[in-house]
2 protein chains.
Amino acid sequence: MDVHVTIEDNQARFLRCIGEATRLRILKLLAGGERCVGEIVEFLDKEQSSVSHHLRALKDCNIVVVRQEAQKIYYALADPGLAELVLKIEDIMKEVPLCHNLAGDCE
Amino acid sequence: MDVHVTIEDNQARFLRCIGEATRLRILKLLAGGERCVGEIVEFLDKEQSSVSHHLRALKDCNIVVVRQEAQKIYYALADPGLAELVLKIEDIMKEVPLCHNLAGDCE
DNA sequence: CATTCATATAAATGGATGTTCATGTAACCA
DNA sequence: TGGTTACATGAACATCCATTTATATGAATG
C-alpha cells in the first residue's frame, strides 16, 4: 500500500480539523479557558452527540486535551499557540475578503 | 431559506481551502514568488486538470491572484500575510504533534 | 486558417465528513 | 440496586470534495 504521509498531509489534516465552523467556535470558546462538555453544548446550541463527535475530532488531532472530574469531562486547548493562530487567521482574513462567491449574505 | 453565513463559516471555508495537501504545497511554492500553471503542474507532478481545479479553489477564496501574460497565466499569493500564516502553522505544529493516529509513517 | 500550446471546464465517480438516532457506559445518588 | 446525570459511540444517511477523462477556449505561430 505504501501510504506515504507527507508534512503537508499532516498540516492539511490539522487545518481541516480547525476548518469547520462548529469546531472553530469551540476553539474560540476554549481560548477563554477549559470547559466541560455540557457548557460547550449549551454554548453551541447543538446536539450533544454532534458536539461530542467534534470534540473527538479535535482530540484526535491533539488540538485539545481532556481532564475528568467526577462525571464531568473538561476540554482545553492543547497549546496556547492555538489561540494565537486563530487570531492570526482573523487578522489575515481582514485583508483577504471571502464573502465573494458565497451563498448568503455576509455582514 | 435564510442561509445565514457566520464569521466562522467564512473562516472555516478559508481554512478548508488551505487545508488540502496539494493546495498547501501550491501556497508554499507561491510563497517564493508567482508561477505560471505549467510550472506549478511540473512542481506538483499531478494532472494539469487537477491542478487547475485547485487553483480555481484558491482563487475563489481570494487566496491567490491571477495575471495573464500572452498564453501563460501566472498565479501569486493575494497577500504576503498568507506566507506568514503558513509559517505560523508549521510553528504550532511543532508543539502539537499530529502523527498520532495517522495511517502510515511520519518521519 | 489550421495547428499547437497553455489552461479551463464539465461530467462522472469514489471517498471523506457532518448530522442524527439509538444505544452504551461510567459516575453519582437515594 | 435502581435511577439519573454526563458523555461517548456506532450505524445510516446525505453532502461535500478531489480526481480523472474528455472536451473546450483562446492565444500564438507557421
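Every chain is numbered from 1, with letters handed out A, B, ... down the list of sequences.
For A:T22, the side-chain atoms get nearest to C:dT19 when compared with the rest of C:dT19, D:dC7, C:dT17. Comparing atom distances between the A:S50 side chain and each of C:dT19, C:dA6, D:dT9 picks out C:dT19 as nearest. With distances taken from any side-chain atom of A:L55 to the nucleotides D:dA8, D:dA18, C:dA8, the minimum falls on D:dA8. Comparing D:dA27, D:dT9, C:dT19 by their nearest atom to the side chain of A:R56 picks out D:dT9.
Within the nucleic acid shown, A:E47 comes within 4.0 Å of sugar-phosphate atoms alone, with no base atom in reach, counting heavy atoms only.
Residue A:V51 forms a side chain to side chain contact (heavy atoms under 4.5 Å, CB included) with just one option from A:R23, A:E42, A:K46, and that option is A:K46. Exactly one residue among A:L24, A:L27, A:T22 makes a side chain to side chain contact (heavy atoms under 4.5 Å, CB included) with B:E8. That residue is A:L24. When each of A:I63, A:L77, A:L82 is tested with A:L30 by the rule side chain to side chain contact (heavy atoms under 4.5 Å, CB included), just one qualifies, namely A:L77.
Between A:R23 and B:S52, the residue anchored nearer the 5' end of DNA chain C, judged by the nucleotide with its closest heavy atom, is B:S52. Judged by closest nucleotide on DNA chain C, B:Y74 is the one of A:A57 and B:Y74 placed further toward the 5' end.
Between A:K72 and C:dA27 there is no side-chain polar atom (N or O) within less than 4.0 angstrom of OP1 or OP2. Residue A:Y75 places at least one side-chain N or O closer than 4.0 Å to OP1 or OP2 of D:dA8. Residue B:R16 places no side-chain N or O under 4.0 Å from the OP1 or OP2 atom of D:dC16.
Taking atom CG of B:L58 as the reference point, atom C1' of D:dA18 lies 13 Å away to the nearest angstrom. Rounded to an integer number of Å, the gap from CZ of B:R13 to P of D:dT15 is 20 Å. For the pair B:H54 NE2 and C:dT7 C1', the interatomic distance rounds to 16 Å; values are reported in whole Å. Nucleotide C:dC28 holds its P atom 11 Å from the CD1 atom of A:I73, rounded to whole Å. The nearest whole Å value for the distance from the CD atom in A:E20 to the P atom in C:dT17 is 11 Å. The distance from atom CD of A:Q71 to atom C1' of C:dA27 is 6 Å, rounded to the nearest whole Å. The distance between atom CD1 of B:I40 and atom P of C:dA6, rounded to the nearest whole Å, is 14 Å. The CZ-C1' distance, from B:R67 to C:dA6, rounds to 15 Å in whole Å.
Judged by atom type and distance alone, A:S49 does not reach the base of D:dC7 through any side-chain donor-acceptor pair under 3.5 Å. In the interface, the side chain of B:H53 is paired with the base of D:dT20 through a donor and an acceptor atom under 3.5 Å apart. Donor-acceptor pairing under 3.5 Å, judged by distance alone, is present between the side chain of A:Q48 and the base of D:dA8.
Shown here is B:K88, whose NZ atom has more than 12 heavy atoms of other residues, nucleotides or ligands within 6.0 Å.
Contact check for B:Y75 versus B:R67: no side-chain heavy atoms found under the 4.5 Å cut-off.
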